[in-house]
Amino acid sequence: SQTDYNTLLEWVKSVCEKYELTVNNFESTSWGDGMALGALLHTLDNTFEFEKILHLNEREENIDLIMKKADSLGIYGLENIVNGEGEIDK
């Protein structure tokens, strides 16, 4: 529902603000560099070294680090979240 969507978006915004990241929606290029996903993953497991993905121009390496950590935590399917244009699939 739209309410659930907005609630999730507000939570994502509040988490990402702590990392000085701006997320405006789920269709934004905010997701393309892996930073927002990395911030969310770091909130789930603080052993994930968020500072390793602070290379904004290294999208593929950022996403690869995130996927490996997520897999090690039993979180699968994140590769389906970020598509080639850096948008969140609905």
Report task. Take F48 and L73 through the test side-chain contact (heavy atoms from CB on, under 4.5 Å) and record every step on the way to the result. Result -> CA-CA 10 Å; F48 176 65; L73 295 171; over 6 Å; no
**Report entry** F50: partners by ring pair (Phe, Tyr, Trp, His ring centres under 6.0 Å), with sequence neighbours left out
**Finding:** Y19
Report summary line: Rounded to the nearest 0.5 angstrom, the CD1-CD1 distance for I66 and I75 is 11.5 Å
Query - Heavy-atom pair of closest approach, residues A36 and V23 - result: CB-CG2, 3.9 Å
Requested in this report: Under the salt bridge (charged side-chain N to carboxylate O under 4.0 Å, His left out) rule, collect the residues that match up with E49, sequence neighbours excluded.
Outcome: K52
Query raised in the report: Is T47 close to K69 at the side-chain level, that is, under 4.5 Å between some pair of heavy atoms?
Result: yes
Requested in this report: Report, as yes or no, whether the 6.0 Å neighbourhood of atom CD on E20 holds more than 12 heavy atoms from other residues, nucleotides or ligands.
Outcome: no
Query - Rounded distance [0.5 Å steps], CE in M35 versus OG1 in T22 - result: 11.0 Å
Requested in this report: Kindly write out the residues that satisfy side chain to side chain donor-acceptor pair (under 3.5 Å) with D4, not counting sequence neighbours, or none if the list is empty.
Outcome: S1
**Report entry** D71 CG to M67 CE distance, which is reported to the nearest 0.5 Å
**Finding:** 8.0 Å
Query raised in the report: Just how far is it from atom CD1 of I63 to atom CG of L37, taken to the nearest 0.5 Å?
Result: 6.0 Å
